[in-house]
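When a residue number appears, it is its place in the shown sequence, counting from 1.
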Amino acid sequence: MLGIPDQALNVLHMTIEPILANGTVLDRGRAMLLLAKCQVASVASCSIQEKAEAFESAIQNLNEAKGYFEKADCNERIREVLYLQARLFNTLGKTKERNKCAMMFRQLHQELPTYGVALLS
C-alpha cells in the first residue's frame, strides 16, 4: 500500500475528538466505525502480533460504534458493525464471539431490506 491507511488514521486521530465531543450520535458512531476500519487497514503489512492487537482495538471501537448506532436506531449500520466484528473475531480465532456476531447479523439481515448484491444462503 502507499501508506494511505496510515495517513487516514493520523488525520482521524486529529479530528475525532471534536466529533465525539460535539457531533450527533450518528456522527459519533460513523467516526468510530471509520476508526476501526482504518486500524484494520493500517496493519495489513505488520506482524501477526501487531495485527492481533490492532484487531482487538478495532473490535472495541466497533462495540462503541454499535452503541451509538443503537441509540440512533440505525440498524443498517449496526448490521455493518456486526459483519466486521464477525470477520475480525474469525481472524483472531474467537469462534464463540464470531458466531454470536454472525447470528445477530443474520437476524438483522433478514429484517432489513438489502439492495445490490444478495448474500448466499
Side-chain angles (χ1 to χ4, degrees):
M1 294 230 180
L2 301 172
I4 294 173
D6 293 327
Q7 291 175 10
L9 193 56
N10 290 335
V11 169
L12 191 54
H13 279 300
M14 290 187 296
T15 59
I16 198 165
E17 188 175 325
I19 294 170
L20 295 178
N22 303 317
T24 65
V25 175
L26 186 58
D27 288 338
R28 293 174 192 172
R30 291 169 55 197
M32 295 306 294
L33 177 60
L34 180 60
L35 178 60
K37 287 180 177 182
C38 287
Q39 286 173 320
V40 171
S42 68
V43 294
S45 61
C46 293
S47 70
I48 294 173
Q49 180 62 32
E50 289 174 326
K51 283 183 182 181
E53 291 171 5
F55 291 173
E56 290 287 348
S57 178
I59 289 170
Q60 291 173 354
N61 289 328
L62 289 169
N63 280 331
E64 190 172 341
K66 186 169 72 168
Y68 288 130
F69 292 140
E70 286 170 349
K71 288 179 186 176
D73 196 31
C74 187
N75 290 331
E76 294 84 6
R77 295 288 184 163
I78 294 171
R79 181 174 59 185
E80 182 179 358
V81 167
L82 290 170
Y83 174 79
L84 291 173
Q85 282 182 319
R87 295 285 307 262
L88 291 173
F89 281 131
N90 186 58
T91 302
L92 293 172
K94 296 184 176 186
T95 308
K96 181 179 176 184
E97 292 89 347
R98 179 205 62 197
N99 290 344
K100 180 181 175 186
C101 289
M103 179 192 68
M104 292 167 54
F105 168 83
R106 186 66 176 168
Q107 287 174 343
L108 277 177
H109 181 69
Q110 289 175 341
E111 292 174 12
L112 301 172
T114 55
Y115 305 101
V117 180
L119 292 178
L120 300 176
S121 297

Task: Result of checking Ile78, Leu82, Val81 against Met104 for side-chain contact (heavy atoms from CB on, under 4.5 Å) - done: Leu82
- [ ] Look at atom CD of Glu17 and say whether more than 12 heavy atoms of other residues, nucleotides or ligands are closer to it than 6.0 Å.
- [x] no
- [ ] Mark yes when over 12 heavy atoms from residues, nucleotides or ligands other than Arg87 sit less than 6.0 Å from its CZ; otherwise mark no.
- [x] no
Open item on the list: Tell me whether Ser57 contacts the main-chain N or O of Glu53 through its side chain, where contact means a donor paired with an acceptor under 3.5 Å.
Closed with: no
TODO: Please list, chain by chain and in numerical order, all residues satisfying ring-ring contact (aromatic ring centres under 6.0 Å, His included) with Phe55, sequence neighbours excluded.
DONE: none
- [ ] Compare all side-chain heavy atoms of Asn90 with those of Thr95 and state whether any distance is below 4.5 angstrom.
- [x] no
Task: Set of salt bridge (Lys or Arg N to Asp or Glu O under 4.0 Å) partners for Arg30, sequence neighbours left out - done: Asp27
Task: Check: Leu20 main-chain N/O paired with Arg28 side-chain donor or acceptor under 3.5 Å - done: yes
Open item on the list: Quick one about Arg79 and Tyr83 (side-chain donor to acceptor, distance below 3.5 Å, no hydrogens or angles considered), yes or no?
Closed with: no
Open item on the list: Determine whether Leu26 and Tyr68 satisfy the following criterion, side-chain contact (heavy atoms from CB on, under 4.5 Å), listing intermediate values before the conclusion.
Closed with: CA-CA 6 Å; Leu26 186 58; Tyr68 288 130; over 6 Å; no
Task: Rounded distance [0.5 Å steps], CZ in Phe105 versus CZ in Arg98 - done: 14.0 Å
TODO: Mind listing the closest non-hydrogen atom pair of Ala58 and Val40 along with its distance?
DONE: CB-CG2, 3.8 Å
Open item on the list: Please give me the minimum heavy-atom distance between Leu33 and Leu84, naming the atom from each residue.
Closed with: CD1-CD1, 3.7 Å
- [ ] State, without any angle test, whether Asn61 and Gln39 hold a side-chain donor-acceptor pair at a distance under 3.5 Å.
- [x] yes
Task: Heavy-atom check, side chain of Met32 versus side chain of Leu62, under 4.5 Å - done: no
Task: Residues forming a salt bridge (Lys or Arg N to Asp or Glu O under 4.0 Å) with Arg77, sequence neighbours excluded - done: Glu80
Open item on the list: Are Leu34 and Val25 linked, directly or through intermediate hydrophobic residues, by side-chain heavy-atom contacts shorter than 4.5 Å (ILVMFWY only)?
Closed with: yes
Open item on the list: I need the minimum non-hydrogen distance between Cys46 and Ser42, along with the two atoms involved.
Closed with: SG-O, 4.2 Å
- [ ] Please check if any side-chain donor atom of Gln85 sits under 3.5 Å from a side-chain acceptor atom of Asn63, or the reverse.
- [x] yes
Open item on the list: The test is side-chain contact (heavy atoms from CB on, under 4.5 Å); show your working for Glu70 and Lys66 and say whether it passes.
Closed with: CA-CA 6 Å; Glu70 286 170 349; Lys66 186 169 72 168; 3.7 Å; yes
- [ ] Run the numbers on Gln107 and Glu111 for side-chain hydrogen bond (donor to acceptor under 3.5 Å, both in side chains), then give the verdict.
- [x] CA-CA 6 Å; Gln107 287 174 343; Glu111 292 174 12; over 6 Å; no
TODO: Report yes if some heavy atom in the side chain of Leu92 is under 4.5 Å from a heavy atom in the side chain of Glu97; otherwise report no.
DONE: no
Open item on the list: Using every non-hydrogen atom in the two residues, find where Gly29 and Ala65 come nearest and quote the distance to one decimal.
Closed with: O-CB, 3.5 Å
TODO: Calculate, to the nearest 0.5 Å, the distance between atoms CZ and NZ belonging to Phe89 and Lys94 respectively.
DONE: 6.0 Å
Open item on the list: Measuring only between side-chain heavy atoms, which start at C-beta, is Leu35 closer than 4.5 Å to Leu9?
Closed with: yes
- [ ] Please tell me if the side chains of Glu56 and Lys51 come closer than 4.5 Å, counting only heavy atoms from C-beta onward.
- [x] no
